[in-house]
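Okay, structure first, notes after.
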Amino acid sequence: MAAGVLSFPLTSFREDGTLDPDGFRAHVAAQLAAAPGALFPACGTGEFFSLDEDEYRTVVTVAVEEAAGRVPVVAGVGYGWAQAVRFARIAEEAGADALLVLPHYLVAAPQDGLVRQLEEIAARTSLPLIAYQRGQVAFTAASLRRVAEIPGVIGLKDGHSDLDRLQRLTLAAPEGFLFFNGAATAEIQARAYATVGVPAYSSAVHAFAPEIANSFFTALRDGDGKTVERLLREFYVPLVELRDRVPGYAVSLVKAAARLRGRQVGRVRAPLTDPSDRDLTDLGNLLTTGLDLVGAAL
C-alpha cells in the first residue's frame, strides 16, 4: 500500500439525499484510474457514519467490482464491536480484502477495552483488520504489542499525529506490522511521519484532485523538496486553513471540490453541512491554484 496514495472515495448521494450507486461507481472508476495504492470505501471521507447497512453493502460491492482485484479494497467498520461485526460480515460477503476499524462510538475506554474491542471483531471475521486510532482511541506501546498478537490484526492507522507516541508504537510492533499516516490532510505531516518509519498515507485531496495528490507523492518519494514545499505552501496549508473554518469541512470541502470538477458525488448528509458561498469561492480559487501548480486543468 505504500506504492501509491491511499484513496478514500466519497459516497455519492442524489439531491434528495438517497444513495447514488451510479455516481459512486463513476467516482470510484476515476479514483482507480489515478492508480492509488488501495481503495478504502465507506470510511470517514465516505461518510460511513451516515450509511445504513443496505447502503453500506452497495458501496462496498461497487468498490470491489470496480477494483476487480487491481488494488486492495479495505472497507470501514465501526460503532461498538457487535455492530462492527454486522458491517464486517457484509463487507466479507461483498468481497472486500480487509477492514479498517474506525474508533468506537461515544464513550472513552481504558486500554484493556480498546484491545478487547479488536479481539471481539477479529474473532468474528476472516478479514484482516487495520485499527484506526484517533479521537478517543489511542494505544500505548504495551497495548499495541497485545493488538499485534491478535490473529488477523495487521496494522494501525494513526490520526493523532503525536510523533513521540507513534515512534514508540512502531518500535514496539513486530516486523511486518503495517502503519499508516491518517492525519487530516496527511500531506502536511507526510515528511514527519516518514521520519518515524510511516511513509504510507491517506489523501483526501486524491478524492477530488488526484493530479495534485500524485504530484506531491511523487515529489516526496523522489526527494524533490522544492516541489513538496511549493505544494505545501501554496496549496495544502491554505487548504488546511480553509478546512479549519468549520467543523466537518474535512469531508464537506472534499465533496464540494469534487463537485466543482463535475464529479457526481452530491452533497453531504447531516450532521455535516455544505460550505458557505464565501468558502466555496475560496475553495474554487485554491483548487485552480493547486491544479495550475501541477499543470492540470479544472
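Note: hydrogens, waters and symmetry copies are ignored here, and every other heavy atom, side chains too, is used.
With 3.5 Å as the limit, one finds a donor-acceptor pair spanning the side chains of T170 and Q167. Inspection of the R57 and T61 side chains reveals no N or O donor paired with an N or O acceptor under 3.5 Å. Side-chain N/O atoms of T289 and E234 include no donor and acceptor closer than 3.5 Å.
Here the straight-line distance linking atom CD of Q133 with atom CG of L144 works out to 8.0 Å at 0.5 Å rounding. To the nearest 0.5 Å, atoms CG (L280) and CG (L260) are separated by 6.5 Å. A distance of 6.5 Å separates NE2 of H27 from OG of S12, quoted to the nearest 0.5 Å. To the nearest 0.5 angstrom, T125 atom OG1 is 11.5 Å from I90 atom CD1. Between atom OG of residue S161 and atom CG of residue L166 there is a gap of 8.5 Å, rounded to the nearest 0.5 Å. One distance of note links CG of L232 with CD1 of I188; it measures 5.5 Å at 0.5 Å rounding.
Summarising the local packing, CG of D52 is surrounded by more than 12 heavy atoms from other residues, nucleotides or ligands at distances under 6.0 Å. Counting heavy-atom neighbours within 6.0 Å of R86 CZ, excluding the residue itself, gives a total of 12 or less.
Side chain of Q136 to main chain of A108: no donor-acceptor pair is present (N/O by atom type, distance under 3.5 Å, no hydrogens or angles). Of the possible polar contacts, one joining the R263 side chain to the R261 backbone as a donor-acceptor pair under 3.5 Å is found. Not a single donor-acceptor pair under 3.5 Å links the side chain of Y236 to the backbone N or O of E229. A donor-acceptor pair under 3.5 Å is absent between the side-chain atoms of R145 and the main chain of A173, judged by distance alone. Looking only at distances, no side-chain donor or acceptor of T227 sits under 3.5 Å from a matching main-chain atom of D224. Between the side chain of R269 and the backbone N or O of G17 there is at least one donor-acceptor pair closer than 3.5 Å. Judged by distance alone, with hydrogens and angles left aside, the side-chain atoms of D97 form a donor-acceptor pair with the main-chain N or O of V73 at under 3.5 Å. Under the 3.5 Å distance criterion, the side-chain polar atoms of S143 are left unmatched by any main-chain donor or acceptor of F139. Of the possible donor and acceptor atoms, none in the side chain of Q31 sits under 3.5 Å from a partner among the backbone N and O of S7. Judged by distance alone, with hydrogens and angles left aside, the side-chain atoms of H160 form a donor-acceptor pair with the main-chain N or O of V137 at under 3.5 Å.
Two residues are said to be in side-chain contact when any heavy atoms from C-beta on lie closer than 4.5 Å; L114 and L118 fail this criterion. Looking at heavy atoms from C-beta onward, V228 lies out of side-chain contact with E187 at the 4.5 angstrom threshold. Two residues are said to be in side-chain contact when any heavy atoms from C-beta on lie closer than 4.5 Å; E66 and R25 meet this criterion. Under the 4.5 Å side-chain criterion, counting only non-hydrogen atoms from C-beta, I212 is not in contact with F216. Here the side chains of R259 and V265 are in contact, with some heavy-atom distance below 4.5 Å. In this structure the side chain of V205 never reaches within 4.5 angstrom of the side chain of V5, judged on heavy atoms. Contact check for I150 versus V115: side-chain heavy atoms found under the 4.5 Å cut-off. Looking at heavy atoms from C-beta onward, L39 lies in side-chain contact with P9 at the 4.5 angstrom threshold.
For the pair K157 and F180, the cation-pi test (distance below 6.0 Å, angle within 45°) is failed.
For Y56, the ring pair (Phe, Tyr, Trp, His ring centres under 6.0 Å) test picks out F48, F87, with sequence neighbours left out. Looking at residues two or more places apart in sequence or on another chain, you find no salt bridge (Lys or Arg N to Asp or Glu O under 4.0 Å) involving D16.
Ring geometry, F179 versus F177: the interplanar angle exceeds 60°, so the pair is classed perpendicular (tilted spans 30 to 60°). Ring geometry for F208 against F235 counts as tilted: the plane angle lies between 30° and 60°, on a 0 to 90° scale. Ring geometry for Y201 against F217 counts as tilted: the plane angle lies between 30° and 60°, on a 0 to 90° scale.
Across all their heavy atoms, V71 and P36 have their closest contact at CG1-O, 3.5 Å. Here the closest non-hydrogen pair linking C43 and A75 is SG-C, 4.3 Å. Minimum heavy-atom separation, A209 to L287: CB-CD1, 4.2 Å. Scanning all heavy atoms of the two residues, the minimum distance from L99 to V77 falls at CD2-CG1, 3.9 Å. The two residues L283 and A256 make their nearest non-hydrogen contact at CD2-CB, 3.8 Å. Summarising the geometry of T11 relative to L19, their closest heavy-atom pair is CG2-CD1, 3.5 Å, with the distance given to 0.1 Å.
Using a cutoff of 4.0 Å between basic side-chain nitrogens and carboxylate oxygens, R165 and D158 are not scored as salt-bridged. Remark: D112 engages R146 in a salt bridge, criterion side-chain N to carboxylate O under 4.0 Å. Under the 4.0 Å criterion applied to side-chain N and carboxylate O atoms, E120 and R124 are assigned as salt-bridge partners. E119 and R116 are joined by a salt bridge, as a carboxylate oxygen and a charged side-chain nitrogen come within less than 4.0 angstrom of each other.
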Exercise. For side chain to side chain contact (heavy atoms under 4.5 Å, CB included), just list the numbers for T195 and R191, CA-CA rounded to whole Å, side-chain angles, deciding distance to a tenth of an Å, and then say yes or no.
Key: CA-CA 7 Å; T195 65; R191 289 189 293 188; 5.8 Å; no
Quiz prompt | Trace of the side chain to side chain contact (heavy atoms under 4.5 Å, CB included) decision for N214 with H206 | solution = CA-CA 8 Å; N214 286 338; H206 193 277; 3.8 Å; yes
Exercise. Mind running salt bridge (charged side-chain N to carboxylate O under 4.0 Å, His left out) on E53 and R89 for me, showing each step along the way?
Key: CA-CA 11 Å; E53 291 182 11; R89 288 172 179 158; over 6 Å; no
Practice problem: Determine, step by step, whether Y79 and F49 satisfy the side chain to side chain contact (heavy atoms under 4.5 Å, CB included) criterion, reporting the C-alpha distance in whole Å, the side-chain angles of both residues, the deciding distance to 0.1 Å, and the verdict. | Solution: CA-CA 9 Å; Y79 306 117; F49 49 84; 4.1 Å; yes
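Criterion: ILVMFWY side-chain heavy atoms under 4.5 Å apart, direct or through other members. Under it, L169 and L171 are not part of a common hydrophobic cluster.
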